[in-house]
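Reminder, nothing fancy here: chain letters follow the sequence lines and each chain counts from 1.
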2 protein chains.
Amino acid sequence: MVTGVTNTEPRRRNRRGEGGKLRDEIIAAAVALLDEGGDERAVTLRSVARKAGIAAPSIYAHFADQPSIMLAVVQQEMDRLAVALREADENAGSDAEKRLFAVCNAYLDLAQAHPQRYRIMFGGLWTPSVDDTSISDADLESLGAEALTLLADVLRACVEAGIAHGSDDLYGDAVALWLGLHGLAHQRAVVRKMPGPADVAERLIKALAHLK
Amino acid sequence: MVTGVTNTEPRRRNRRGEGGKLRDEIIAAAVALLDEGGDERAVTLRSVARKAGIAAPSIYAHFADQPSIMLAVVQQEMDRLAVALREADENAGSDAEKRLFAVCNAYLDLAQAHPQRYRIMFGGLWTPSVDDTSISDADLESLGAEALTLLADVLRACVEAGIAHGSDDLYGDAVALWLGLHGLAHQRAVVRKMPGPADVAERLIKALAHLK
DNA sequence: AGCCATAAGCTAACGGCCGTAAGTCTAGGA
DNA sequence: TCCTAGACTTACGGCCGTTAGCTTATGGCT
């Protein structure tokens with residue numbers, strides 16, 4: 001596609017007090033660049049500015065530097081993911097197995113729907129200057145505290161429903177399950193054609209949830 | 001560490017007929033840059049040349065362009081990995097469970113020993129210009145054909161030894177097991193401090209191999 | 001021993017994109 | 001009216017990939 005050139009329309013300036021809107025437009029522009037199939041290298045200050053229809057230095061009013069944009073993107077997508085997982089769980093009713101597959105499939109679907117976003121979120125990189133406050137640790141624990149406890153809850157429900165073998169460490173099992181999902185999601189996001197049978201996801205989930 | 005500056009010693013030129021040696025030195029230099037903790041962006045034509053003690057254009061005698069260097073690195077490391085897995089299997093004796101853990105741990109250890117190399121191998125990216133002949137598909141099948149059949153063999157041995165529940169698709173199980181290993185290896189390579197218990201690897205392997 | 005063709009590698013330079021700093025314009029609202 | 005939020009223009013320096021042409025040491029040959 002290579003949409004380098006863009007909007008000749010000059011973009012109306014925001015009203016007074018609404019300057020903060022540009023911040024969201026910048027994030028959206030960065031996400032759009034990723035969704036066009038470009039990797040993180042395609043998200044430069046200047047390309048983001050072009051995409052958003054603004055001048056490059058205008059970004060500095062809202063972000064300290066380029067990595068900060070990526071950080072904001074990751075945080076936003078992390079939130080989206082957490083929300084999607086909770087939604088999937090709530091819409092799955094009370095059947096434990098349905099809940100399990102709903103949550104896991106929601107995770108896999110979101111990753112497959114936006115491969116580049118997923119790569120940014122969990123692929124490392126994008127953190128050249130933010131070495132100390134590296135988000136990978138902090139925000140993975142934030143998602144870890146949110147999504148992993150959700151996974152652990154679902155696993156517990158499965159055990160209590162008698163459809164899964166229990167364990168002395170459900171949180172550890174949740175981590176293992178997540179790692180399996182991550183392996184599949186990441187590989188799908190990277191190679192676009194996975195080797196192996198079509199039901200790998202089901203196999204992974206069943207095995208890691210210790211379904212009977 | 002930031003070792004930007006380097007060897008003032010001017011590097012003796014190769015003898016006649018041995019010009020090809022430089023090719024290996026270039027690959028080694030690229031790997032060294034990765035091992036220093038830099039991500040793939042640190043592997044530029046010029047930085048590789050500096051590391052190898054040569055002038056940047058000298059690379060063109062051995063590589064068509066910059067992505068070709070990364071491609072060579074990936075292929076070399078893929079081979080290393082395949083060899084390491086076979087070695088681990090052969091040194092594990094004939095006990096099926098020992099073989100299983102030996103192979104899986106060899107995979108995880110190699111990934112943890114060289115996180116950046118692992119990220120390059122399976123993290124996608126590094127292929128900006130090689131879109132059609134993208135190695136991710138071709139060489140993952142090469143490793144997929146090598147390492148995955150090895151995993152399937154070990155799984156079969158476990159089933160035949162009566163320590164694992166069988167399945168109608170051992171290759172599919174091998175893929176699932178590899179995906180779990182990959183998830184753990186990749187996550188370790190990226191965040192440097194994993195959440196969850198210390199025995200996650202064992203849990204993953206046991207669950208995905210369907211050990212009794 | 002000396003010659004000289006050639007492999008092996010170097011220097012110089014172009015154009016391009018990048019991040020960022022400094023200063024300037026302009027329209028909305030009190 | 002006129003202040004100021006919300007942008008823009010211009011510019012500097014740096015690293016990059018790549019091309020074109022030059023230098024130098026090596027080793028087979030006479």
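For the OP1/OP2 pair of D/dC16 and a distance below 4.0 Å, the side-chain nitrogens and oxygens of B/R41 include no atom meeting the criterion. For B/T44 and D/dC15, the shortest distance from a side-chain N or O to OP1 or OP2 is not below 4.0 Å. Residue B/R50 places at least one side-chain N or O closer than 4.0 Å to OP1 or OP2 of D/dC16. At C/dA7, none of the side-chain N or O atoms of B/N14 fall inside 4.0 Å of OP1 or OP2 (strictly under the cut-off). In this model, the phosphate group of D/dT19 is not approached by any side-chain N or O of B/Y60 to a distance below 4.0 Å at OP1 or OP2. For D/dT26, one of the phosphate oxygens OP1 or OP2 lies less than 4.0 angstrom from a side-chain nitrogen or oxygen of B/R12.
Taking atom CD1 of A/I69 as the reference point, atom P of C/dC18 lies 12 Å away to the nearest angstrom. Atom CE of B/M70 and atom P of D/dG17 are 11 Å apart (whole Å). A/L33 has its CG atom 15 Å from the P atom of C/dC17, to the nearest Å. Atom CD in A/E40 sits roughly 15 Å away from atom P in C/dC18 (whole-Å rounding). If you take CG of A/D65 and C1' of C/dT20, they are 10 Å apart, rounded to a whole angstrom. If you take CD1 of B/I54 and P of C/dT11, they are 12 Å apart, rounded to a whole angstrom. Atom NE2 in A/H62 sits about 13 Å away from atom P in D/dA5, given to the nearest Å. When rounded to the nearest whole Å, the span between CG of A/L45 and C1' of D/dC12 equals 16 Å.
Of the two residues contacting DNA chain C, namely A/P57 and A/A42, the nearest-nucleotide position lying further toward the 5' end is that of A/A42. Both A/A55 and B/A56 lie close to DNA chain D; mapped to their nearest nucleotides by heavy-atom distance, the more 5′-ward contact belongs to A/A55.
Side-chain atoms of A/R46 and base atoms of C/dG19 include a donor and an acceptor less than 3.5 Å apart. Contact of A/R13 with C/dT26 (side chain to base): a donor-acceptor pair of N or O atoms is detected under 3.5 Å. Scanning atom types as modelled, no donor and acceptor separated by under 3.5 angstrom connect the side chain of B/R15 and the base of D/dG27.
The residue from A/L71, A/V48, A/I27 that alone fulfils the side-chain contact (heavy atoms from CB on, under 4.5 Å) condition with A/F63 is A/I27.
In terms of heavy-atom proximity, B/H62 sits nearest to B/R23 at O-NH1, 3.6 Å.
Every salt bridge (charged side-chain N to carboxylate O under 4.0 Å, His left out) that A/E77 has, sequence neighbours left out, goes to A/R80, A/R117.
Ring geometry for A/W178 against A/Y107 counts as perpendicular: the plane angle is over 60°, on a 0 to 90° scale with 30° as the lower cut.
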A/H186/A/F122 under ring-ring contact (aromatic ring centres under 6.0 Å, His included): CA gap, chis, key distance, verdict: CA-CA 8 Å; A/H186 180 264; A/F122 298 104; 9.2 Å; no
